[in-house]
There are 2 protein chains.
Amino acid sequence: MTKLNKPTTIKEIARKLKISPSTVSRALNDHPSIGLVTTMRVKKMAEELNYEPNQTAIFFKQRKTFTIGVVLPTLSEPFFSSAISAIEAVAEDRKYTVLLGQSLDDANRENQIITTFKKHRVDGILMSLGKNTTDLSFVDILASSQIPIVFFDCVPESAAVNRVYCNLASGMEEAIEAFVSRGHKNIALINGPETLLAATERTSSFREALRKQGYEYNEKYVVHTDLTEEGNHIAMEQLCVLPERPSAIVSFNDYVTLDVIRYARSKGIGVGQDMHFISFANYPLWKYMENPPLASIEQYPDEQGRKAAEILFDILDNSDKIGLQEIVFPSKLVFK
Amino acid sequence: MTKLNKPTTIKEIARKLKISPSTVSRALNDHPSIGLVTTMRVKKMAEELNYEPNQTAIFFKQRKTFTIGVVLPTLSEPFFSSAISAIEAVAEDRKYTVLLGQSLDDANRENQIITTFKKHRVDGILMSLGKNTTDLSFVDILASSQIPIVFFDCVPESAAVNRVYCNLASGMEEAIEAFVSRGHKNIALINGPETLLAATERTSSFREALRKQGYEYNEKYVVHTDLTEEGNHIAMEQLCVLPERPSAIVSFNDYVTLDVIRYARSKGIGVGQDMHFISFANYPLWKYMENPPLASIEQYPDEQGRKAAEILFDILDNSDKIGLQEIVFPSKLVFK
DNA sequence: TTGTATGCGTTATCAG
DNA sequence: CTGATAACGCATACAA
């Protein structure tokens with residue numbers, strides 16, 4: 001049978017010990033001005049009475065909740081579940097707790113989540129934007145409430161915010177180089193929705209990487225998908241009907257490539273023979289596939305998550321001294 | 001330029017309106033005793049001053065945080081990321097917020113997380129146990145603090161707690177039936193660590209399912225893995241060296257099967273020809289594999305998560321009237 | 001070294 | 001219908 005304790009308070013400890021609550025409070029917090037004996041007595045009594053500080057009272061008083069909010073599109077992508085694991089690890093070290101919100105790429109949900117986080121008085125926010133977010137007004141709102149926010153991975157274009165992200169160009173360059181050195185002439189790009197910063201970046205870095213290799217950029221070899229399964233198939237079809245079918249394809253990410261490879265297989269196209277693939281994400285399960293892509297571009301979810309969290313905590317520790325932070329990781333080709 | 005507002009309080013509204021704080025509070029909460037005009041005036045002023053209630057004060061006063069904690073082994077398994085998405089959805093409906101903790105199958109971390117949650121005064125906890133948890137003393141501690149907990153998926157053996165889980169037997173039966181009807185004689189089980197409830201359950205339901213089919217149970221066809229990649233390979237080897245090599249294998253879950261299929265391929269064993277597989281989890285990516293297992297056993301992460309959350313909220317709404325809850329979902333074979 | 005008094009923002013009780 | 005007052009649990013400036 002378990003007792004139903006109504007939680008012990010500082011006052012009770014004080015009463016039992018016939019000292020004042022403030023002394024108890026100080027003793028429990030190892031305040032230097034309190035005598036060793038008193039401190040010991042208090043701690044012993046606290047232990048006996050099974051005292052646990054009421055954090056809600058402390059949060060209230062200290063105007064600090066030791067909680068950070070993390071907003072990301074979805075946990076079903078391994079990229080984000082890795083990132084949040086890293087974030088959680090850092091938070092744990094710092095004795096912070098993590099509030100979770102999935103936006104599911106819905107801008108309204110993002111706003112809703114942020115509003116809730118704000119109501120809960122989170123000390124700070126880490127966020128990776130959804131694919132459809134255009135309105136960033138919540139940034140100003142958070143600023144006026146003095147809640148710092150650090151973006152990671154999918155970050156706003158504006159440099160007026162703290163950002164941690166991957167430089168896609170380095171990975172793209174390596175990808176194109178890998179294809180070129182293997183003799184591919186017709187290299188295509190299956191890109192994401194043109195509204196996405198991440199997509200325009202891919203296009204420009206694709207273009208630039210081709211140029212560096214002395215290749216000509218042909219816009220027929222760049223198609224777009226809305227990132228749905230159907231969209232991915234349509235994009236692939238567009239490439240397959242070209243007079244000179246590409247033999248090498250860089251795609252927006254590994255999820256697109258999964259669909260595209262499946263499609264290729266269904267059409268009798270030899271994956272890794274007739275057609276070769278590279279994409280972004282470095283999805284961990286390629287090693288189980290019989291015909292994986294040639295390579296995948298690592299974007300370091302853990303490092304991004306960890307760094308973003310560290311920046312946030314630095315700001316929280318030291319809000320005055322820290323200016324706007326921007327960390328860019330290189331992306332990196334990993335052969336499969 | 002954003003203003004740095006120090007948050008507006010009820011008192012300020014009261015002062016500006018020359019009425020008392022309690023009236024403001026009541027007006028904001030649509031208390032029936034407040035006149036319509038006053039209510040309007042208050043709300044208008046609140047709007048103007050950009051008033052936002054200080055939730056930490058409310059939490060403190062109400063002794064309720066509208067926060068639930070979710071403890072699970074890892075988000076990197078799609079099973080759990082699905083589950084938490086469902087949980088989050090329910091929580092959002094009820095205006096609750098979700099605190100996240102990953103145990104990484106470490107019992108110490110579990111205790112740590114629960115302690116933190118308790119300090120944060122979560123209103124309730126949802127939990128799926130790690131693979132190594134034996135000590136459930138935190139259950140009593142939570143009970144004495146009157147923090148309800150609902151377990152899902154990986155639940156304690158004790159029926160003295162709220163539990164939502166899958167009945168493995170139904171899926172196992174369907175699996176064995178599928179193998180038998182396809183003419184397999186030697187059916188093996190690659191099970192998890194024997195310390196796991198989920199493993200002993202699989203063994204007994206495996207045994208029972210064979211019996212129902214009029215097959216004899218042969219313990220040589222049951223091997224164990226510690227669920228690491230190496231352990232999975234070793235288990236598979238044990239089966240491969242048997243004089244009558246099994247042609248059909250049920251394994252602990254799809255992750256084991258991934259490793260095992262990969263191993264089989266490396267040994268030149270024809271997956272789906274020489275050897276056929278079924279496992280638990282219904283991992284969403286089988287459709288991309290060239291040689292997927294014959295089938296996978298769905299364990300309904302969303303339904304489990306949703307149901308567990310609903311039970312928790314029912315308890316929170318109505319703690320007296322609700323007795324111990326136990327919901328068992330059937331597991332179900334899904335062909336690939 | 002310890003105690004006293006005060007306030008954090010809100011709501012509930014009671015009185016008017 | 002509205003106002004005054006107290007209380008939640010804790011920390012801290014100030015007093016002793």
Side-chain angles (χ1 to χ4, degrees), chain A residues 5-46 49-67 95 118-123 145-147, chain B residues 5-43 45-46 49-67 95 118-123 145-146:
Chain A
N5 316 314
K6 52 187 74 68
T8 316
T9 70
I10 279 188
K11 284 184 192 166
E12 280 166 47
I13 300 178
R15 198 156 26 77
K16 298 233 179 196
L17 254 35
K18 298 187 199 306
I19 57 180
S20 91
S22 46
T23 305
V24 175
S25 169
R26 286 187 274 240
L28 289 172
N29 292 308
D30 289 311
H31 194 288
S33 76
I34 300 296
L36 189 57
V37 258
T38 324
T39 305
M40 299 297 274
R41 287 202 330 136
V42 167
K43 290 200 171 175
K44 183 150 161 286
M45 180 60 75
L49 297 183
N50 222 319
Y51 170 75
E52 293 206 46
N54 181 339
Q55 288 290 3
T56 64
I58 297 174
F59 293 160
F60 172 45
K61 181 123 194 29
Q62 316 266 278
R63 295 141 171 289
K64 202 161 164 6
T65 59
F66 295 95
T67 301
K95 310 288 180 208
K118 198 172 144 220
K119 286 214 313 212
H120 276 248
R121 292 288 207 269
V122 296
D123 295 334
S145 304
Q146 280 156 291
I147 300 178
Chain B
N5 317 314
K6 53 189 73 73
T8 316
T9 71
I10 280 189
K11 285 182 190 169
E12 279 168 46
I13 300 179
R15 197 155 30 78
K16 299 233 179 200
L17 255 35
K18 298 187 198 307
I19 57 180
S20 90
S22 38
T23 304
V24 174
S25 169
R26 283 186 280 236
L28 290 171
N29 292 306
D30 289 310
H31 194 287
S33 77
I34 300 295
L36 189 56
V37 258
T38 323
T39 304
M40 298 295 274
R41 286 196 338 131
V42 167
K43 290 201 172 174
M45 181 60 76
L49 298 183
N50 223 318
Y51 171 74
E52 293 205 47
N54 181 340
Q55 288 290 2
T56 63
I58 297 175
F59 294 160
F60 171 46
K61 183 131 212 339
Q62 318 261 279
R63 295 140 173 287
K64 202 160 166 3
T65 59
F66 294 96
T67 302
K95 310 288 178 205
K118 197 172 145 222
K119 286 214 312 210
H120 276 247
R121 292 287 207 270
V122 295
D123 294 334
S145 304
Q146 282 157 290

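All chains are named by letter (A, B, ...) in the order of the sequence lines, taking the proteins before the strands, and each is independently numbered beginning at 1.
Atoms CG (L28(A)) and P (dA11(D)) sit 8 Å apart, rounded to a whole Å. Computed from coordinates, the R15(A) CZ to dG3(C) C1' distance equals 17 Å when rounded to whole Å. Rounded to an integer number of Å, the gap from CD of E12(B) to P of dC8(C) is 11 Å. In this structure, CZ of F66(B) is placed 15 Å from P of dT10(C), rounded to the nearest angstrom. Here the C1' atom of nucleotide dT5(D) and the NZ atom of K11(B) are 12 Å apart, to the nearest Å. Taking atom CG of residue N54(B) and atom C1' of nucleotide dT10(C), one finds them 8 Å apart after rounding to whole Å. In this structure, I10(A) atom CD1 and dG3(C) atom C1' are separated by 14 Å, rounded to whole Å. Rounding to whole angstrom units, NZ of residue K64(B) and C1' of dC8(D) are separated by 17 Å.
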Nucleotides 12-16 of chain C: which of its N/O atoms have a protein N/O under 3.5 Å away?
from	atom 1	to	atom 2	distance (Å)
dT13(C)	O4	R26(B)	NH1	3.2

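Nearest-nucleotide positions on DNA chain D place V37(B) closer to the 5' end than the other of V37(B) and R63(B).
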task: Determine, step by step, whether R15(A) and T9(A) satisfy the side chain to side chain contact (heavy atoms under 4.5 Å, CB included) criterion, reporting the C-alpha distance in whole Å, the side-chain angles of both residues, the deciding distance to 0.1 Å, and the verdict.
output: CA-CA 10 Å; R15(A) 198 156 26 77; T9(A) 70; over 6 Å; no
message: Run H120(A) and F59(B) through side chain to side chain contact (heavy atoms under 4.5 Å, CB included) and show every step you take.
response: CA-CA 9 Å; H120(A) 276 248; F59(B) 294 160; 3.5 Å; yes
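Evaluation of the side-chain contact (heavy atoms from CB on, under 4.5 Å) rule for R41(A) yields L17(A), I19(A) as partners, not counting sequence neighbours.
Among the nucleotides dG9(D), dG3(C), dC1(D), the one closest to any side-chain atom of S33(B) is dC1(D). The listed nucleotides are dT2(D), dT10(C), dG9(D); the one nearest the side chain of I58(B) is dT10(C). Checking dC10(D), dG9(C), dG3(D) against the side-chain heavy atoms of S20(B) singles out dG3(D) as nearest.
Counting any heavy atom pair closer than 4.0 Å across all strands shown, F59(A) reaches no nucleic acid atom. Residue-level contact check: T56(A) touches neither bases nor backbone, having no heavy atom under 4.0 Å from any strand.
No option in T23(A), T39(A), V42(A) other than V42(A) meets the side chain to side chain contact (heavy atoms under 4.5 Å, CB included) test with L28(A).
Note that the NZ atom of K44(A) and the CD1 atom of I13(A) stand 12.5 Å from one another [nearest 0.5 Å].
Where the helix from dT1(C)-dA16(D) to dG16(C)-dC1(D) starts and where it ends, the local axes point in directions that differ by 40°; five pairs per end, rounded to 10°.
The local environment of NZ in K64(B) is crowded, with over 12 non-hydrogen atoms from other residues, nucleotides or ligands closer than 6.0 Å. Atom NZ of K119(A) has 12 or fewer neighbouring heavy atoms from other residues, nucleotides or ligands inside a 6.0 Å radius.
With its ring centre under 5.5 Å from that of the base six-membered ring and a plane angle below 30°, F60(B) counts as stacked on dC8(D).
For the residue pair R121(B) and E52(A), the shortest heavy atom distance occurs at NH2-O, 4.3 Å. Nearest heavy-atom pair, R26(A) versus S33(A), reported as atom, atom and distance to 0.1 Å: CD-OG, 4.5 Å. Summarising the geometry of F66(B) relative to D123(B), their closest heavy-atom pair is N-OD2, 2.6 Å, with the distance given to 0.1 Å.
Taking 4.0 angstrom as the limit, T38(A) places none of its side-chain polar atoms (N or O) nearer than this to OP1 or OP2 of dT1(C).
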